[in-house]
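Everything below concerns the one structure shown next.
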There are 2 protein chains.
Amino acid sequence: MTQSGTEAAPKAKPRRGRPPSTSLNQTLILDTALAIVESEGPDALTLRRLGADLGANHTAVLRHFSGKDEILLGLAERLIQEAMDGFVPAESWRQTLESLARRVRAACLAHPQVAVLVATRVSRRGAEFHGADVVIGALREAGFADRDAARYYRSLVDTAMALSAYEAAFAALDSQSQEGDRMAWRREYLAVSPAQYPNLAAVAPFLAEADADDQFETTLALILDAVAARAITLRPAT
Amino acid sequence: MTQSGTEAAPKAKPRRGRPPSTSLNQTLILDTALAIVESEGPDALTLRRLGADLGANHTAVLRHFSGKDEILLGLAERLIQEAMDGFVPAESWRQTLESLARRVRAACLAHPQVAVLVATRVSRRGAEFHGADVVIGALREAGFADRDAARYYRSLVDTAMALSAYEAAFAALDSQSQEGDRMAWRREYLAVSPAQYPNLAAVAPFLAEADADDQFETTLALILDAVAARAITLRPAT
DNA sequence: ACCTGAACACCGTTCAAGT
DNA sequence: ACCTGAACACCGTTCAAGT
């Protein structure tokens with residue numbers, strides 16, 4: 001928001017002079033913030049910690065970002081770029097869609113705190129337009145008319161984003177709550193009363209061994225199966 | 001966790017005597033917490049604010065919940081209770097699953113602030129167990145073996161919860177940001193360069209007219225189509 | 001122009017003391 | 001048995017003062 005707007009920025013710095021070169025700048029701050037979140041989790045990212053790692057007072061950071069929220073938005077921008085970075089369309093439309101869904105998820109899980117933020121306020125910028133164009137292109141290639149392509153685009157993107165944010169939100173919990181929830185699956189679901197919840201009790205052992213990666217792939221396969229099935233009915237002879 | 005365990009609770013209160021009747025209890029605390037979150041958002045829910053609204057010291061709450069996290073889990077259970085309230089299984093397994101998915105979404109949209117706060121948590125309590133038992137029962141009725149029933153249960157519940165939370169997060173935004181985001185869809189996506197993003201530009205008019213209810217139904221139908229297709233291959237003669 | 005350091009108004013949790 | 005009030009170790013942000 002403070003940089004690279006398409007319109008005139010209200011508080012734009014002069015672009016002419018040399019940057020301070022000593023001390024802090026936005027890029028350095030974001031690099032450091034990212035390193036903290038990745039190595040020690042979202043809770044470790046405090047202004048005081050950021051200042052310490054930067055070798056500066058913790059309030060010096062506020063000279064470059066208007067607040068902590070602004071730092072998170074800066075990280076969000078990086079997340080979208082990371083998801084699309086180096087992407088090339090695959091041979092089939094289905095593989096292209098799978099690849100994009102996995103990229104979005106991977107980026108979200110790599111930066112869960114940021115992902116939770118991005119999921120709600122989607123920035124309508126270059127990287128997002130590019131992704132949308134690729135997804136819609138894949139659906140049109142599959143044979144869908146524009147109206148259906150738009151519908152399934154929304155379904156695919158919303159689901160991929162929602163599931164990724166959902167997983168990221170769990171990963172963004174403090175490790176205590178996280179472990180408590182994980183334990184709950186193993187212990188309390190396994191200990192459920194077979195008389196009261198017969199179906200749940202029967203399959204509980206399989207629930208306990210659930211793996212997040214497999215789970216995402218299962219859901220992705222379900223949706224793309226359905227989309228592929230509808231595509232086939234459009235041109236049965238292909 | 002502090003109440004209604006199926007086994008002997010470690011710190012069980014004596015069930016005989018009159019409850020304190022004056023002062024605090026879990027139900028009253030959760031009622032108050034719910035009111036705070038709904039009216040002023042998740043950030044307003046602090047122990048001090050809770051104590052003030054209850055007319056008690058902010059630490060008195062910790063006599064009934066082991067910590068703030070325990071209160072959040074209590075709110076999560078309430079949300080699921082509301083979703084399950086008055087539910088009766090439908091005639092077909094597919095209708096049962098559709099009904100549950102819509103109920104979860106409706107509860108989340110009715111209390112978006114609460115949904116955002118607790119959607120990712122596992123409440124491990126009665127209503128959640130009941131919902132899980134019904135979903136798994138429907139999948140077994142569809143003909144799936146226990147391992148697959150467990151897998152598709154996770155896919156269905158995670159997707160319904162994730163999409164509901166995703167929508168709730170948007171509904172939980174202040175109306176100003178909400179309208180700004182909606183405008184962005186109409187304006188910026190429609191104004192996209194056809195040369196740069198040909199596919200996106202072609203279907204943009206259909207994207208602008210997207211409706212949230214229809215969108216949810218589309219996604220739900222896609223997933224259940226795929227599940228049904230896999231169920232049919234299990235017993236082709238039924 | 002940029003950074004510092006103290007101060008401010010919070011937060012969740014602990015614990016000895018009251019009743 | 002339940003609640004209180006002080007204390008503790010944090011947090012993000014503000015602002016006058018330095019350089």
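By convention in this document, chain letters (A, B, ...) are assigned in the order of the sequence lines, proteins followed by strands, and residues within each chain are numbered from 1. Note: hydrogens, waters and symmetry copies are ignored here, and every other heavy atom, side chains too, is used.
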Counting side-chain heavy atoms from CB outward, which of D:dG12, D:dT4, D:dC3 is closest to B:His64? D:dC3
Quick one: which of C:dT4, C:dT13, D:dT13 gets closest to the side chain of A:Lys68? D:dT13
Ring centroid separation for A:Tyr189 and B:Phe129, is it under 6.0 angstrom? yes
Name the closest nucleotide to the B:Ala60 side chain, picking from C:dT13, C:dC3, D:dC3. D:dC3
Pairwise 5' ranking along DNA chain D for A:Asp43 and A:Asn57, keeping only the more 5' one: A:Asp43
Taking a pair to mean Watson-Crick or G-U wobble geometry with both distances below 3.5 Å, D:dC15 pairs with C:dG5
Has the side chain of B:His58 got a donor or acceptor that lies under 3.5 Å from a partner of the other kind on the base of C:dT13? yes
Less than 3.5 Å between a donor and an acceptor, one on the side chain of A:Thr59 and one on the base of C:dG5, is that the case here? yes
Let's see if you can work this out: which of D:dT13, D:dC3, C:dT13 has an atom nearest to the side-chain heavy atoms of B:Leu47? C:dT13
Report the nucleotide, chosen from D:dT4, C:dC3, D:dG12, that has the shortest atom-to-atom distance to any side-chain atom of A:Arg48. D:dG12
Given DNA chain D, 5'-ward residue of the pair A:Leu62 and B:Arg63, judged by closest heavy atom: B:Arg63
Only pairs with both distances under 3.5 Å count, Watson-Crick or wobble alike; so what is the partner of D:dC10 in this structure? none
